[in-house]
Amino acid sequence: MTDASSSTGRSPASQTARRVAGGRRNPSVYGNEHTAPRWLRGAAGVSWRLLVVIAMVGLIFYATSRVQLLFVAVFLAFVFTAVLRPAVEYLARWVPRGLATAFALLGGIVFFLGLLTYVGYSIANQWADLTEQFSDGIGQITDFLTDGSLPFSITNEQIAEWISNGQKWVQEHAGDLAGQAAAGAGSVVEVFTALALAIFCTVFFLARGREMWTWFLNQLPSRVRESWKVAGGAGWYTFSGYTRGTVIIAVTDGILAFILLSVLRVPLSAPLAVLVFIGAFIPLIGAPLAMVIAMIVALAANGLLSAAIVGIGIALIGQFEGHILQPIVMGKQVSIHPVVIALAVTAGTLTAGILGAVISVPLVAVCWAVFSRLRTMDPPMEEEESDDDVEPIENVQEIDDDEVVKQP
């Protein structure tokens, strides 16, 4: 008996335990808790870790909502820093860095104020003509609705009734509208506060950003400094590349839209071009909204043909941006699948409105860049290998927690 057990390499107790029905899941045999299947234990382990991560993300969102103005100010400061830093680095070759920061920041402020001045002058200069053209356009639209070749009929009485109902609604909700206007005035104060704080932070980020980052790393234990340095470098590289690329693309879109609207003699070409410029910062939804508004102005002022040409032209500008400008300007700094962008923009919009739509894509890009730099990847699998050796489940029988054999 001793020789037999020695030849098999197993003790008599272990052989007996293997023969006992259900012995491989008996805790008294293994000495550990194996009453649950392996897949269930693995799923449970992943689930509680995922719950902890979701709780942490929820806590971050809650804390951010409590100090939303501060978060917006710091985000804008990072945007201004990413845009102005190349100019500061260039000027710092000849002048002290503090002076280079002042020149770059003043240049950005002058450019922004000049743009607003030009837009305001264009609106004031063309407002009278636009009012007359808009009235004529509304008349054309009304004539088309009443006498056009539509599958349904709309009478002047129905249009007058709609206008009367609209006026009545405004009168009934005048108090609510006044309250919203007062809240908007408060929002204007918050906007200027956030801008002032953002500019204040930008000055220090541009002038002494490297010293601030070094100070932060020195507060960490030496064993984790390298990981934080790698993560911070990857995140800033992606964020700055995305921001500068978006600004370049937005300026290009605005210039092309201004040329198109000026050639078509659409009123308020400059303000509409600025609207296209702003829309470029909101992925997926910004450009279509700007296109619709420009088409409405062209329709009211110059008719249906002009509106159609404006819509086609701005759509072509969007195609030029997506297929030519973005690959050239951004390259591989920001590589996110369009499905991920759509989901991020939708989630950001549902969470924080327009602000969430603006910041969602850069935040996702930064998180993915940091994750990509810190993770350790196994050798990649080819597409042809992803569906090889797929067989029906009836041909597979589990005989042990760690062994799977195929039936003949």
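- Here Trp213 contributes atom CH2 and Trp236 contributes atom CH2; the two are 11.5 Å apart, rounded to the nearest 0.5 Å.
- If you take CG on Leu260 and CG on Leu316, they are separated by 9.0 Å, rounding to the nearest 0.5 Å.
- Atom CZ of Phe80 is separated from atom CZ of Phe112 by 8.0 Å, given to the nearest 0.5 angstrom.
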(request) I would like to know whether Phe239 and Val79 meet side chain to side chain contact (heavy atoms under 4.5 Å, CB included); could you show each step before the answer? (result) CA-CA 8 Å; Phe239 181 83; Val79 172; 3.9 Å; yes
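- With sequence neighbours excluded, the residues satisfying side-chain hydrogen bond (donor to acceptor under 3.5 Å, both in side chains) with Arg208 are Glu211.
- Taking Val52 as the reference, Trp48 meet the side-chain contact (heavy atoms from CB on, under 4.5 Å) condition, with sequence neighbours excluded.
- Interatomic distance, CZ of Phe205 versus CZ of Arg210, reported as 15.5 Å (0.5 Å rounding).
- Contact between Ala77 and Cys201 at its shortest, heavy atoms only, is CB-CB, 3.7 Å.
- The number of heavy-atom neighbours closer than 6.0 Å to CZ of Phe75, taken from other residues, nucleotides and ligands shown, is above 12.
- For the residue pair Thr202 and Ala198, the shortest heavy atom distance occurs at OG1-O, 2.6 Å.
- With sequence neighbours left out, Ser372 forms a side-chain hydrogen bond (donor to acceptor under 3.5 Å, both in side chains) with Trp368.
- Residue pairs meeting the ring pair (Phe, Tyr, Trp, His ring centres under 6.0 Å) criterion with at least one partner in residues 250-272, sequence neighbours excluded, are absent.
- Here Val203 pairs with Leu105 under the side-chain contact (heavy atoms from CB on, under 4.5 Å) rule; sequence neighbours left out.
- Of all the heavy atoms in Ser47 and Ala43, the pair that sits closest is OG-O, 2.6 Å.
- In Trp94, the CH2 atom is crowded: over 12 heavy atoms of neighbouring residues, nucleotides or ligands sit closer than 6.0 Å.
- A pairwise comparison of heavy atoms in Val310 and Ala294 identifies CG1-CB, 3.9 Å as the closest pair.
- A 4.5 Å side-chain heavy-atom check between Pro86 and Arg244 finds at least one atom pair inside the cut-off.
- No side-chain heavy atom of Pro362 sits less than 4.5 Å from a side-chain heavy atom of Thr243.
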(message) Test side chain to side chain contact (heavy atoms under 4.5 Å, CB included) on Asp253 and Phe277; report intermediate values, then the result.
(response) CA-CA 6 Å; Asp253 289 351; Phe277 168 81; over 6 Å; no
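- To the nearest 0.5 Å, atoms CD1 (Ile54) and CG (Leu59) are separated by 13.5 Å.
- For residues 94-119, the set of pairs meeting the salt bridge (charged side-chain N to carboxylate O under 4.0 Å, His left out) definition, not counting sequence neighbours, comprises Glu89-Arg97.
- Between Leu99 and Val95, the closest heavy-atom pair is CD2-CB, 4.2 Å.
- At distances below 3.5 Å, at least one donor-acceptor pair connects side-chain atoms of Arg225 with backbone N or O atoms of Asn218.
- Looking at every heavy atom in both residues, Ala369 comes nearest to Thr238 through CB-OG1, 3.1 Å.
- Taking CZ of Phe192 as the start and CG of Leu197 as the end, the distance is 15.0 Å to the nearest 0.5 Å.
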(message) Set out, in order, the CA-CA distance, both residues' side-chain angles and the distance that settles side chain to side chain contact (heavy atoms under 4.5 Å, CB included) for Tyr62 and Arg66, then state yes or no.
(response) CA-CA 6 Å; Tyr62 175 77; Arg66 298 292 89 189; 4.0 Å; yes
